[in-house]
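This report refers to the structure that appears directly beneath it.
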Amino acid sequence: MASTEIRERRRTLRLSEPVGPPSGTDEEQIAVLLMEAGVSYNKQKLHKVGYFRELLATNPDIDEGLKPLLRLCRETVVRLGKTGKAR
């Protein structure tokens, strides 16, 4: 198994790929990151704004290195959702 530093770099690189058209996989990426870290979450509420903010603020299983990646994924989902509605 790769070191924690290498795994975090790989995870960051996976998220920095060019953004394509909106898809379910954008939302799924948040769940994947949480599962990789062993974080428990409510699948039905995960993409609701209030629940997501509360999860980041209160869940002790989410380390500080993961929070910016989760925020980036969430911002991408929100932006792509707005872009899709504008079409």
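Side-chain contact between V78 and V49 is absent, with no heavy-atom pair separated by less than 4.5 Å.
E28 CD to L33 CG: the interatomic distance, rounded to the nearest 0.5 Å, is 12.0 Å. Here the straight-line distance linking atom CD of E8 with atom OG1 of T4 works out to 6.5 Å at 0.5 Å rounding. The CD1 atom of I30 lies 11.0 Å from the CG atom of L69; values are rounded to the nearest 0.5 Å.
Counting only residues at least two apart or on different chains, the side-chain hydrogen bond (donor to acceptor under 3.5 Å, both in side chains) pairs with a member in residues 52-71 are E64-K67. The stretch residues 34-51 participates, sequence neighbours left out, in these side-chain hydrogen bond (donor to acceptor under 3.5 Å, both in side chains) pairs: R14-E36.
When all heavy atoms are compared, the tightest approach of Q29 to C73 is CG-SG, 3.8 Å.
Placement of M35 and L46 within a single hydrophobic cluster is found when ILVMFWY residues are connected by side-chain heavy-atom separations under 4.5 Å, directly or transitively. V32 and V77 are not part of a single hydrophobic cluster, where members link through side-chain heavy atoms under 4.5 Å apart.
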Task: Steps toward side-chain contact (heavy atoms from CB on, under 4.5 Å) verdict (L70, L55) - done: CA-CA 11 Å; L70 289 168; L55 183 69; over 6 Å; no

